[in-house]
Student: 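Would you mind keeping the following structure in view while I ask a few things?
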Amino acid sequence: MSGDLSEILRGLIQDIGDAGVAKMEADPGLAAAVDQHAAAVRDVITGSGDEVHEATLLDYLHGFADTALEQGWWPGEQYDWQLLRVIAVCSLVRGASTA
């Protein structure tokens, strides 16, 4: 991943993660959708033989966001599949950081 793209991803992930996790507290529907994505992410990581911890979550998140951006995705007003996935991983990272 190039340096410029890495910086874009870091900013995007931080902005989405902060806003999305905060919004989850007030929106039970969003929280439920994010929880489903979080379970799927845990399954992907453990299914590949890794443990779910901050480093593997960040690796997954960077790979996922990089691929989504390369395919033309950009976060908008709607909580699409990609945005929900990014929020889910950010939420899991926060949980792993405090565990």
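These numbers were taken from a predicted model, which means no experiment stands behind them.
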Student: Determine yes or no for a side-chain-to-main-chain donor-acceptor pair under 3.5 angstrom, with S91 supplying the side chain and I87 the backbone.
Tutor: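 Answer holds: no.
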Student: Taking all non-hydrogen atoms of both residues into account, name the closest pair between P75 and L83 and its distance.
Tutor: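 Heavy-atom minimum between the residues: CB-CD1, 4.1 Å.
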Student: Look up atom NE2 in H37 and atom CZ in R42, then write down how far apart they are to the nearest 0.5 Å.
Tutor: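 With rounding to 0.5 Å, NE2 (H37) is 12.5 Å from CZ (R42).
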Student: Are R94 and D18 side-chain neighbours, meaning at least one heavy-atom pair lies under 4.5 Å?
Tutor: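 Answer yes - side chains close enough.
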Student: From I16 CD1 over to R85 CZ, what is the distance, rounded to the nearest 0.5 angstrom?
Tutor: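 Spacing of CD1 (I16) from CZ (R85) equals 14.0 Å.
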Student: One pair to check against side-chain contact (heavy atoms from CB on, under 4.5 Å): T46 and E51. What are the steps and the verdict?
Tutor: CA-CA 6 Å; T46 58; E51 293 183 27; over 6 Å; no
Student: Do the rings of F64 and W81 sit parallel, tilted or perpendicular, given the 30° and 60° boundaries?
Tutor: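 The rings of F64 and W81 sit tilted, inter-plane angle from 30° to 60°.
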Student: Mind checking whether W73 and D80 have side chains closer than 4.5 Å, heavy atoms only?
Tutor: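 Yes; the side chains approach each other to less than 4.5 Å.
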Student: Which heavy atom of C90 sits nearest a heavy atom of L61, and at what distance?
Tutor: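 What the structure gives for the nearest pair is SG-CD2, 4.0 Å.
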Student: How many angstroms lie between CG in L30 and NZ in K23, if you round to the nearest 0.5 Å?
Tutor: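 L30 CG to K23 NZ: 7.0 Å, rounded to 0.5 Å.
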Student: Can you give me the closest heavy-atom contact between T56 and D50, atom names plus distance?
Tutor: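 Nearest heavy atoms, T56 then D50: CG2-CB, 4.1 Å.
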Student: V93 versus Y60: any side-chain heavy-atom pair under 4.5 Å?
Tutor: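 Heavy-atom side-chain distance check fails, nothing below 4.5 Å.
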Student: Give, for atom CG of L84 and atom CD of Q78, the distance between the pair rounded to the nearest 0.5 Å.
Tutor: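 The CG atom of L84 sits 10.5 Å away from the CD atom of Q78.
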Student: So do the side chains of V52 and V41 get within less than 4.5 Å of each other, counting heavy atoms only?
Tutor: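 Of all side-chain heavy-atom pairs linking V41 with V52, none is under 4.5 Å.
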Student: Mind checking the CG-NE2 spacing from L58 to H53? Nearest 0.5 Å is all I need.
Tutor: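 Those atoms lie 10.5 Å apart.
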